[in-house]
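Encoded as structure tokens, the structure appears first; notes follow it.
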Amino acid sequence: MTSKILIVVFLIAIVWNLGAGLYYMMTDKGESDRTVKALTRRIALSVVLIILIIIGMATGFIQPHGL
């Protein structure tokens with residue numbers, strides 16, 4: 001259950017940073033680097049989430065299942 005909550009929290013943070021990047025892009029009109037920072041955080045969170053899922057599957061903490 002903890003792994004599911006952690007994954008959902010990461011996904012919410014990823015979507016939040018994506019929305020922040022869109023907002024900054026529309027309001028700043030290229031005058032600041034807030035858009036780049038928000039999108040960089042989104043990519044970093046995505047990479048960390050993928051690595052955590054791979055580690056969880058390798059250690060057996062996350063059990064993959066087929067159809």
Side-chain angles (χ1 to χ4, degrees):
M1 185 67 177
T2 331
S3 61
K4 291 180 184 178
I5 293 172
L6 184 65
I7 290 170
V8 169
V9 167
F10 264 92
L11 290 174
I12 290 171
I14 290 167
V15 171
W16 178 270
N17 279 302
L18 184 62
L22 175 65
Y23 175 76
Y24 296 147
M25 183 174 63
M26 297 309 239
T27 58
D28 290 350
K29 308 240 191 277
E31 297 172 2
S32 73
D33 62 343
R34 294 193 301 177
T35 303
V36 175
K37 288 181 181 178
L39 295 178
T40 302
R41 283 191 302 268
R42 181 187 65 90
I43 292 171
L45 286 170
S46 299
V47 169
V48 169
L49 178 61
I50 291 169
I51 290 171
L52 286 176
I53 289 174
I54 291 171
I55 290 171
M57 289 174 62
T59 61
F61 190 68
I62 298 175
Q63 296 288 327
H65 57 81
L67 296 174

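Side chains included, hydrogens not; waters and symmetry mates left out as well; all remaining heavy atoms used.
- Residues L11 and I62 share a hydrophobic cluster, clusters being chains of Ile/Leu/Val/Met/Phe/Trp/Tyr side chains in contact below 4.5 Å.
- A heavy-atom distance below 4.5 Å is not found between the side chains of M25 and L39.
- In terms of heavy-atom proximity, G21 sits nearest to T35 at O-CG2, 3.6 Å.
- No single ILVMFWY cluster, assembled from side-chain heavy atoms under 4.5 Å apart, contains both V15 and V36.
- No side-chain heavy atom of K4 sits under 4.5 Å from any side-chain heavy atom of I7.
- Using a 4.5 Å cut-off between side-chain heavy atoms of Ile, Leu, Val, Met, Phe, Trp and Tyr, with links allowed through other members, L49 and L6 fall into the same hydrophobic cluster.
- Taking CG of N17 as the start and CG of L22 as the end, the distance is 12.5 Å to the nearest 0.5 Å.
- Between L45 and A13, the closest heavy-atom pair is CD1-CB, 3.8 Å.
- Here the options are V48, I54, I53, V47, the test is side-chain contact (heavy atoms from CB on, under 4.5 Å), and the partner is I50; only I54 passes.
- Across all non-hydrogen atoms, the minimal contact from S46 to I14 is OG-CD1, 3.6 Å.
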